[in-house]
Amino acid sequence: MGSTSHGHRVRHTTVLANPHSRHGAGRAIADRAVREFEARGIDVELIIGRDAQDAAERAAKAARTDTDAIAVVGGDGSVRLALEATVGTGTPVGVIPAGTGNDVARNLDIPLDDVAAAVEVIALGQTRTVDLGRVTFPDGRSSLFATVAATGFDASVTARAIGMSWPKGQARYTIAALLELIGLRSRHYHVRVDETELDDDMVFASVGNTTSYGGGMQITPAASMVDGLLDVTLAVRPSRFARLTVAKVFPAVFSGQHVNHQMVRTLRGREIEFYCDPPALVSIDGDLVGELPATFEVVPSAAVIFAPPAGPSPD
């Protein structure tokens, strides 16, 4: 990967916690992170947001003070809000994974289940500059995203998974996917990726800045956070046995092998537009934010995130 790595001296860290992440475990992980920073002689301020939005507002304030790092304890949704709040402030963001997906961490080789190791990445001060995506709706609302913008089937899966209290973790996405398959319908999409246009019935259309979402589901397996482009994966509806085909293809998303299937098409570009009928839900970084139509564009080198130096990818 061609991202630029820089060293930052970290003397003061603001730890930002979403108390609801991992069903309340976020608070315990935040307390552990504070102890780990203090053990390394780093001053810490702990901010516990009332909810994700409150945490983001407080992150924006903290980023404008003389803190050296905003360390987010949470999942991709919390990381997204912190990035949105701090873009342009020059304050780098650290990730201490405490969510269900943690795909920002996966894509940047940040340790997933080891608080001390994640804190060490921030304490060492090594950062990488990465791209973000931006989704804009016709009413002018826009949001930044770090991982994947999903529309159609996979956004409906996210919506269903959010509403489920059981099971925990990644299994929830699998069960939600099976339940969504029962009522599966395709939508007629008009897709534009830079100068390429497509019109077809599709089951889902996803835009990826990272290879994965939902805890390692490789929806856009060739995506890179540092190439100045977004990857698009489209699943065109097969004419017969649609449910059966999707039931076979969707599990392949976990390994990224779905892109080899004849119903899947991949594209890459800087600006993407999706229209569809009937309207499809849009989720970014696992949060539902609206419905199509929408425009997705890459925001090159928008975020500075603490991460180990880019080496050969482990997988």
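- Under the rule for a side chain to side chain contact (heavy atoms under 4.5 Å, CB included), the partners of D139 that lie at least two apart in sequence or sit in another chain are F137, R141.
- Between the side chains of Y189 and T151, at least one donor N or O lies within less than 3.5 Å of an accepting N or O.
- For the pair L234/L267, a side-chain contact is recorded, criterion being any heavy-atom separation below 4.5 Å from C-beta on.
- Under the 4.5 Å side-chain criterion, counting only non-hydrogen atoms from C-beta, I284 is in contact with R80.
- Each of M225 and L229 belongs to its own hydrophobic cluster when Ile, Leu, Val, Met, Phe, Trp and Tyr are linked at side-chain heavy-atom distances under 4.5 angstrom.
- A 4.5 Å side-chain heavy-atom check between F306 and V10 finds at least one atom pair inside the cut-off.
- The backbone N or O of T211 lies less than 3.5 Å from no partner atom in the side chain of R106, so there is not a single donor-acceptor pair.
- Looking at every heavy atom in both residues, A63 comes nearest to T86 through CB-CG2, 3.5 Å.
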Verdict with supporting geometry, V299 and D131, side-chain contact (heavy atoms from CB on, under 4.5 Å) = CA-CA 6 Å; V299 189; D131 306 333; over 6 Å; no
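- Side-chain contact annotation: D103 with T210, donor-acceptor N/O pair under 3.5 Å absent.
- Taking OG1 of T89 as the start and CD1 of I70 as the end, the distance is 7.0 Å to the nearest 0.5 Å.
- For F204, the ring pair (Phe, Tyr, Trp, His ring centres under 6.0 Å) test picks out no residue, with sequence neighbours left out.
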Evaluate the criterion side-chain contact (heavy atoms from CB on, under 4.5 Å) for residue pair V130 and V226; output intermediate values, then yes/no.
-> CA-CA 5 Å; V130 300; V226 295; 4.2 Å; yes
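- For the residue pair T266/D231, the side-chain donor-acceptor check at 3.5 Å is not satisfied.
- Taking CD1 of I110 as the reference point, atom CD1 of I305 lies at 6.5 Å (rounded to 0.5 Å).
- Contact record, A55 with L16: O-CD1, 3.3 Å, taken as the closest heavy-atom pair.
- Applying the side chain to side chain contact (heavy atoms under 4.5 Å, CB included) criterion to A176, with sequence neighbours excluded, gives V157, R160, A161, M164.
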Could you go through the side-chain contact (heavy atoms from CB on, under 4.5 Å) check for V73 and V15 one step at a time?
-> CA-CA 7 Å; V73 177; V15 173; 3.8 Å; yes
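- Between the side chain of N209 and the backbone N or O of A146, at least one donor-acceptor pair lies under 3.5 Å.
- D76 and T147 share no donor-acceptor pair across their side chains, judged by distance under 3.5 Å alone.
- Looking at residues two or more places apart in sequence or on another chain, you find no side chain to side chain donor-acceptor pair (under 3.5 Å) involving T233.
- The side chain to side chain contact (heavy atoms under 4.5 Å, CB included) check on E297 picks up R134, T136, E271, with sequence neighbours excluded.
- Annotation for E38 and V44: closest pair CG-CG2, 4.0 Å, computed over non-hydrogen atoms.
- Hydrophobic cluster membership differs between L124 and V304, with clusters built from Ile, Leu, Val, Met, Phe, Trp and Tyr side chains linked at under 4.5 angstrom.
- Taking OG of S143 as the start and CG of L132 as the end, the distance is 12.0 Å to the nearest 0.5 Å.
- Residues L281 and A159 share a closest heavy-atom pair of CD1-CB, 4.1 Å.
- Put simply, CD on E197 and NE2 on H190 are 4.0 Å apart, with the number rounded to the nearest 0.5 Å.
- Contacts of D227 classified as side chain to side chain donor-acceptor pair (under 3.5 Å), with partners at least two apart in sequence or in another chain: none.
- At least one side-chain heavy atom of I48 sits under 4.5 Å from a side-chain heavy atom of R27.
- Within 6.0 Å of CD in E195 there are 12 or fewer heavy atoms belonging to other residues, nucleotides or ligands.
- In terms of the side chain to side chain donor-acceptor pair (under 3.5 Å) criterion, residue partners of S206 (sequence neighbours excluded) are, by chain and number, D154.
- In this structure the side chain of H188 never reaches within 4.5 angstrom of the side chain of D200, judged on heavy atoms.
- Under 4.0 Å is where a charged nitrogen must lie from a carboxylate oxygen, and between R58 and D54 at least one such pair does.
- In this structure a side-chain-to-backbone donor-acceptor pair under 3.5 Å is missing from R265 to V232.
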Can you give me every donor-acceptor pair (side chain of residues 272-279, partner residue at least two apart or in another chain, under 3.5 Å) with its distance?
| residue | atom | partner | partner atom | Å |
| --- | --- | --- | --- | --- |
| E273 | OE1 | R192 | NE | 3.4 |
| E273 | OE2 | R192 | NH2 | 3.3 |

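- In this structure T67 satisfies the side chain to side chain donor-acceptor pair (under 3.5 Å) test together with H12, T14, sequence neighbours excluded.
- Counting heavy atoms from C-beta on, the side chains of S212 and V148 never come closer than 4.5 Å.
- Closest approach of A56 and L81 over heavy atoms only: CB-CB, 3.7 Å.
- The line from CG of L108 to CZ of R128 is 5.5 Å long, rounded to the nearest 0.5 Å.
- Listed by chain and residue number, F250 satisfy the ring pair (Phe, Tyr, Trp, His ring centres under 6.0 Å) test with F153 (two or more places apart in sequence, or in another chain).
- Sequence neighbours left out, not one pair with a member in residues 66-75 passes salt bridge (charged side-chain N to carboxylate O under 4.0 Å, His left out).
- The closest side-chain heavy-atom distance from V191 to M202 is below 4.5 Å.
- Atom CG in N102 sits 16.0 Å away from atom OH in Y213 (nearest 0.5 Å).
- Looking only at side-chain heavy atoms (C-beta outward), S142 and V135 stay at 4.5 Å or farther from each other.
- For the side chain to side chain contact (heavy atoms under 4.5 Å, CB included) test, residues two or more places apart in sequence or in another chain that qualify with V119 are A33, E36, F37, R40, I96, V115.
- For the residue pair P92 and T127, the shortest heavy atom distance occurs at CB-CG2, 4.0 Å.
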